[in-house]
Amino acid sequence: MNALRVTGGRVLRPDGRVTESDVTIDRDAGTIAAVGDETVSGERADDADADLPSTADETLDADGGLVIPGLVNAHTHVAMTLLRGYADDKPLDPWLREDIWPAEAELTPNDIEAGAELGVLEMIRSGTTAFADMYFAMDRVADVVDRAGVRARLGHGVVTVGKDDADARADVEESLAVAKELDGAADGRIRTAFMPHSLTTVGEAFLREGVAEAREADIPIHLHANETTDEVDPIVDERGERPIAYAEELGALGADDFFAHGVHLDGSEIDRLADAGTAVVHCPASNMKLASGMAPVQRLRDAGVTVALGTDGAASNNDLDVFDEMRDAAMLGKLAADDASAVPAAAVVEMATAGGADALGLPGGRIEPGAAADLAVVDLDAPHLTPVHDPVSHLAYAARGSDVRHTVCDGEVLMRDREVLTLDADAVRERAAAAANDLVDRVGE
Ligand SMILES: [Zn+2]
């Protein structure tokens, strides 16, 4: 075994326990071989049968740190890092129409690659090892994912409103083609989905066609659902049914599907999501910034819906730090439920790890023998994390992305002692800043 050993730290286990354990990683397999003396076969490492090397080929020092599953950013538009801080303080609809869509119309594949590099760099530096991305030029995003060493579920976002029939159909076809072509790329670290932007920005006939073809090809579906009342009301007015009922009728409510936002859901929709096994990706910072509303996170969890966390694009957040998202989700979840015991620390940590991996259908999210070796080491030796009464509380309420010391995905070290090894951080920042400035100049012309 080519072994990587994470030594001297405390480890957050799937059941919420924190143990002082070394984590042994089989780099060839990309999996966790042992946590402490627990191995895949359930044997103790010091038994003669256990196949664990006594020395590691590489070690990562986790002394004073907490080893956690790599965080999962289950909904973003990663290249929107180029539009970080470009237009703020507006509601969703005018913000999209007046600022974001005109800028996106000028984006080139090179811009998208530059923005994706910047976003992935930011995510690795804040302990995120997997993300879901809905955008354009996805071959370029896939190339970045491949080089950077992270995992992703990628899809081309479809919008048909305002397009003629041929253009609209071409957009649907591109999303399906991208999903088929890129699935399994980057040694299997890339999976895909059919990604209609939402139930209001894609026409019914195109939704029906696209969903049917995705189902036939066993491709999951990701879309924005019930984000604002502006998006829910037209569906109710025109169809006499709620959006989630419409999604179900379209065949778009499956166990492998995951919907972003889920802010304005009624009880019947929560029941439908739970019955179907469709996951919801909660994006608290985006929902607050765009004043979209408060998602019923505790009610979703009580109903048994898998809830993940997403940053949404950097233009509505304005960063891609899932630690911020955990804190925001806990805080907003309490306000939404009018109950300080709602959405506790352990819940948001689960949403950012196992919940995210489950929502995206990607490996990872748990530190246990046999699981994918996707993890981060959070430095607890910091004033804002002292004392450590409860490490899980710190993850939810006090830690930041900049506290992450090492990041590992698929058994490979992506960041060691805060130095990202798979991307040239300075070059990525310079390229993205230049691309963003050029883009804004073109939009202004
Ligand atoms: Zn979004």
Side-chain angles (χ1 to χ4, degrees), residues 72-84 86-88 90-97 99-101 103-104 107 112 115-116 119-120 122-123 128 130-138 141 152-161 171 175 192-202 220-232 243 247 252 257-265 278-295 297 307-322 324-325 328-329 332 351 356 359-360:
V72 180
N73 184 354
H75 176 73
T76 190
H77 315 278
V78 67
M80 289 186 83
T81 48
L82 297 190
L83 299 173
R84 191 197 316 267
Y86 170 65
D88 299 310
K90 287 174 128 178
L92 178 64
D93 195 63
W95 176 75
L96 284 174
R97 287 175 198 284
D99 304 296
I100 298 302
W101 286 345
E104 287 183 336
L107 280 174
I112 288 170
V120 170
E122 183 184 354
M123 287 194 279
T128 291
F131 68 105
D133 198 51
M134 176 196 288
Y135 219 55
F136 325 107
M138 296 313 289
V141 180
R153 193 169 280 278
L154 305 178
H156 170 90
V158 178
V159 173
T160 67
V161 287
D171 212 20
S175 189
T192 57
F194 174 55
M195 298 196 183
H197 178 268
S198 74
L199 299 171
T200 50
T201 51
V202 179
I221 292 159
H222 178 47
L223 47 80
H224 297 90
N226 301 52
E227 180 175 0
T228 62
T229 50
D230 287 346
E231 183 200 314
V232 172
D257 303 334
F258 56 108
F259 292 178
H261 298 297
V263 174
H264 300 279
L265 294 165
T278 303
V280 170
V281 185
H282 177 41
C283 304
S286 175
N287 296 159
M288 288 192 282
K289 188 168 185 241
L290 298 167
S292 301
M294 299 189 284
V297 173
V307 183
L309 290 180
T311 58
D312 213 349
S316 62
N317 190 299
N318 287 356
D319 61 47
L320 305 182
D321 183 346
V322 174
D324 284 356
E325 240 44 49
D328 289 345
L332 190 61
M351 287 154 63
L360 301 192

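All ligand and atom numbering here is 1-based and tracks the order in the structure.
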Next item on the list: Flag the pair V281 / L309 as yes when at least one side-chain heavy-atom distance between them is below 4.5 Å, and no otherwise.
Entry: no
Next item on the list: Would you name the heavy atoms of A74 and F258 that are closest together and state the gap between them?
Entry: O-CE1, 3.8 Å
Next item on the list: List in chain and number order the residues that pass side chain to side chain donor-acceptor pair (under 3.5 Å) with H282, two or more places apart in sequence or in another chain; answer none if no residue qualifies.
Entry: none
Check: Should N318 and D88 be marked as a side chain to side chain donor-acceptor pair (under 3.5 Å) after you check the CA-CA gap, both sets of side-chain angles, and the distance that decides it?
Finding: CA-CA 9 Å; N318 287 356; D88 299 310; 3.3 Å; yes
Check: Quick one: ring pair (Phe, Tyr, Trp, His ring centres under 6.0 Å) partners of H197, sequence neighbours excluded?
Finding: H224
Notebook entry, point to check: How many protein atoms of type N/O/S are positioned less than 2.8 Å from the Zn ion (ligand 1)?
Noted result: 4
Note to self: Once side chain to side chain donor-acceptor pair (under 3.5 Å) is applied, do any residues pair with D171, and if so which ones, sequence neighbours excluded?
What the structure shows: H156, K163
